[in-house]
Peer 1: 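Right, I'll just put the structure down here and ask away after.
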Amino acid sequence: MAIVIPSLEKPHKSKKTDAARTAQSERADKAIGPVPAPPADPIAPIAARTLAHGGKVDLDRFVGPAPARPLPQYPWQNKPFCTDTTTEGIHSFSGRHWPLLGFRLRSEASEWYSVLDADALPYLADHKVEETIVFPAAGYVEMALRAARLWFETEAVELRDLDILRPLVFEEGRSQQVRVRISPDDRVIEIESRARLEDAEWSLHARGTMARPPKTGGAPRLDEAAAERTASMS
């Protein structure tokens, strides 16, 4: 009597069938794409989405209560580490900034730069010609006098023959970059502007000259005889 035991080996497959199934599997992987791995901590993204959509998150339950004992304070060693100022340093961030005149890049430079905007400086919007915002003449005087004081390093300066050649107009939603230049040879001050963030030519708005006031021999002296005559007549 013969007993037939079925074989446990898989039936033989052709190479063409295996290659077709492999190609089909690769196409399926490309269509579906890689499956993103789940986040290590799913609670943090859920809490972030809840806060982003205006929900309320109990932070005490989320991060836990504060420690009962405060941590020891670190003994900070406060020491300043600042480089020495040189004539080649640029002062666009660390230098003195004036509201209208702006700043100059270097201490020995004869140019100041500023960005004027009617939204950033609301008081400029009060000076209008009909419905157009125009930079006031007093602003040119302030900028020129401030530049002259910084150049001469004194408060006593004179501004002569200031001519306003072209108005500085502020358009809605646009800022103006302003440059004040001093010519050291003839001491001429020029105020120019151009639209900010545009590769445009500078437009000259005002020009004048600066000078030091003449030195006097002190306070004016009062004529004593004239003072006595004035007193006797009163």
Peer 1: Considering only heavy atoms from C-beta outward, does the side chain of I182 approach that of M210 to under 4.5 Å?
Peer 2: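 Yes, close enough: below the 4.5 Å cut-off.
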
Peer 1: Nearest 0.5 Å, please: how far is OG in S114 from CH2 in W98?
Peer 2: 13.5 Å

Peer 1: Treat each ILVMFWY residue as a node, draw an edge where side-chain heavy atoms are under 4.5 Å apart, and state whether L116 and F103 are in one component.
Peer 2: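 In one cluster with L116: F103, no.
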
Peer 1: Looking at W202, does the NZ or CZ of R179 lie under 6.0 angstrom from its six-membered ring centre and within 45 degrees of the ring axis?
Peer 2: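 Yes - R179 lies over the ring of W202, closer than 6.0 Å to its centre and within 45° of its axis.
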
Peer 1: Does the R104 side chain pair with the main chain of A109, one donor and one acceptor, at a distance under 3.5 Å?
Peer 2: yes

Peer 1: Ignoring hydrogens and geometry, is there a side-chain-to-backbone donor-acceptor pair from S193 to Q177 under 3.5 Å?
Peer 2: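 Here the side-chain-to-backbone pair does not exist.
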
Peer 1: Decide side-chain contact (heavy atoms from CB on, under 4.5 Å) for R166 and S203; before the verdict, give the C-alpha distance in whole Å, the side-chain angles of both, and the deciding distance to 0.1 Å.
Peer 2: CA-CA 8 Å; R166 181 180 302 170; S203 299; 3.4 Å; yes

Peer 1: Does any part of the side chain of E158, heavy atoms only, come nearer than 4.5 Å to the side chain of P214, both counted from C-beta?
Peer 2: yes

Peer 1: Between S175 and D117, is there a donor-acceptor pair closer than 3.5 Å when you use the side chain of the first and the backbone of the second?
Peer 2: no

Peer 1: Quick one: CZ on R207 to CD1 on I189, what's the gap to the nearest 0.5 Å?
Peer 2: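 R207 atom CZ to I189 atom CD1 measures 12.0 Å (nearest 0.5 Å).
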
Peer 1: Nearest 0.5 angstrom please: L121 CG to D126 CG, how far?
Peer 2: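 Between L121 CG and D126 CG, I get 11.5 Å after rounding to 0.5 Å.
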
Peer 1: How long is the span from the CD atom in E192 to the CD atom in Q176, to the nearest 0.5 Å?
Peer 2: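 It is 13.0 Å, given to the nearest 0.5 Å.
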
Peer 1: Under a single-linkage definition using a 4.5 Å side-chain heavy-atom cutoff for Ile, Leu, Val, Met, Phe, Trp and Tyr, are I191 and L159 assigned to the same hydrophobic cluster?
Peer 2: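 Same hydrophobic cluster.
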
Peer 1: Measure from the side-chain N and O atoms of T209 to the backbone N and O of V188, and report whether any donor-acceptor pair falls under 3.5 Å.
Peer 2: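 Absent.
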
Peer 1: Which heavy-atom pair separates P213 from A156 by the least distance, and what is that distance?
Peer 2: CD-O, 3.1 Å

Peer 1: How close do R174 and A195 get, heavy atom to heavy atom, and via which atoms?
Peer 2: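 The answer is NH2-CB, 3.2 Å.
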
Peer 1: When you compare the side chain of V115 with that of V178, does any pair of heavy atoms fall below 4.5 Å?
Peer 2: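 Sidechains of V115 and V178: no contact.
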
Peer 1: Give a yes or no on this: more than 12 heavy atoms of other residues, nucleotides or ligands lie within 6.0 Å of atom CG of D161.
Peer 2: no

Peer 1: Would you give me the side-chain donor-acceptor pairs under 3.5 Å for residues 129-151, sequence neighbours excluded?
Peer 2:
residue	atom	partner	partner atom	Å
Y140	OH	L168	N	3.4
R149	NE	E155	O	3.4

Peer 1: Between D163 (side chain) and L165 (backbone), is there a donor-acceptor pair under 3.5 Å?
Peer 2: no

Peer 1: Could you check W112 against R181 for side-chain contact (heavy atoms from CB on, under 4.5 Å), going step by step and ending with a plain yes or no?
Peer 2: CA-CA 7 Å; W112 288 261; R181 299 194 303 174; over 6 Å; no

Peer 1: Counting only heavy atoms not in E172, do more than 12 sit closer than 6.0 Å to its CD atom?
Peer 2: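 It does not: E172 CD has 12 such atoms or fewer within range.
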
Peer 1: Is there a path of hydrophobic side-chain contacts, each under 4.5 Å between heavy atoms of I, L, V, M, F, W or Y residues, that connects Y113 with L197?
Peer 2: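 Each belongs to a different hydrophobic cluster.
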
